[in-house]
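Data block below; observations after.
Everything quoted here is computed from the prediction, not taken from an experiment.
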Amino acid sequence: MNEDKQITCDALTIALATTRQFDDLLRLEYVKGEDFEVVIPHFRGGRGRSINVQLDSCWALIKDVVNHLEG
């Protein structure tokens, strides 16, 4: 199965935005460069810090994003 990290981010955005804790989450943007992969959370009040997801599977990406947003 070919994993699409932006689709995973889109689905995770929907799931997180339905909670009280993250009801201000607008989107999770997946950005891949030549030597980096990050997810950038966008909230109503602005942008959050980039989350390093380089070499992550989609499952690891979900765990990294949730852990980062909780902390």
Side-chain angles (χ1 to χ4, degrees):
M1 175 180 178
N2 188 16
E3 296 185 314
D4 185 317
K5 292 182 180 177
Q6 185 57 60
I7 290 174
T8 299
C9 287
D10 294 344
L12 185 57
T13 298
I14 294 166
L16 291 173
T18 63
T19 68
R20 276 181 281 189
Q21 185 169 353
F22 298 110
D23 63 353
D24 60 340
L25 180 64
L26 299 173
R27 68 186 169 108
L28 294 169
E29 176 186 9
Y30 172 71
V31 180
K32 179 178 173 76
E34 210 171 290
D35 58 350
F36 69 91
E37 291 178 77
V38 296
V39 171
I40 303 168
H42 295 267
F43 295 93
R44 275 192 214 110
R47 217 175 95 156
R49 286 192 0 233
S50 297
I51 303 162
N52 180 4
V53 295
Q54 190 166 358
L55 303 175
D56 279 4
S57 65
C58 284
W59 175 240
L61 178 148
I62 291 167
K63 293 191 305 184
D64 283 349
V65 168
V66 169
N67 287 334
H68 178 86
L69 292 176
E70 282 184 323

Using a side-chain heavy atom cutoff under 4.5 Å and only I, L, V, M, F, W and Y, what cluster partners does L55 have?
-> none
Euclidean distance, H68 NE2 relative to S50 OG, rounded to 0.5 Å = 8.0 Å
Residues sharing I7's hydrophobic cluster, by side-chain heavy-atom contacts under 4.5 Å among ILVMFWY, directly or via others?
-> none
Hey, does V53 have a side-chain heavy atom less than 4.5 Å from the side chain of Y30?
-> yes
Exactly one of I14, L61, I51, T13 clears side chain to side chain contact (heavy atoms under 4.5 Å, CB included) with L28, and that residue is T13
Looking at CG of D10 and CG of D4, how far apart are the two atoms once the value is rounded to the nearest 0.5 Å?
-> 8.0 Å
Looking at residues at least two apart in the chain, or sitting in another chain, which of them share a salt bridge (Lys or Arg N to Asp or Glu O under 4.0 Å) with R27?
-> E29
Heavy-atom donor-acceptor pair, K5 side chain to V39 backbone, under 3.5 Å = no
Enumerate, atom names and distances included, each donor-acceptor pair closer than 3.5 Å involving a side-chain atom of residues 15-22, sequence neighbours excluded.
residue, atom, partner, partner atom, Å
T18, OG1, A15, O, 2.6
T19, OG1, L16, O, 2.6
T19, OG1, F22, N, 3.3

What's in the same ILVMFWY side-chain cluster as V31, cut-off under 4.5 Å, chained through other members?
-> F36, V38, I40
By side chain to side chain donor-acceptor pair (under 3.5 Å), which residues pair with D64, not counting sequence neighbours?
-> none
Find out whether V65 and P41 are in side-chain contact, i.e. whether some heavy atom of one side chain is under 4.5 Å from a heavy atom of the other.
-> no
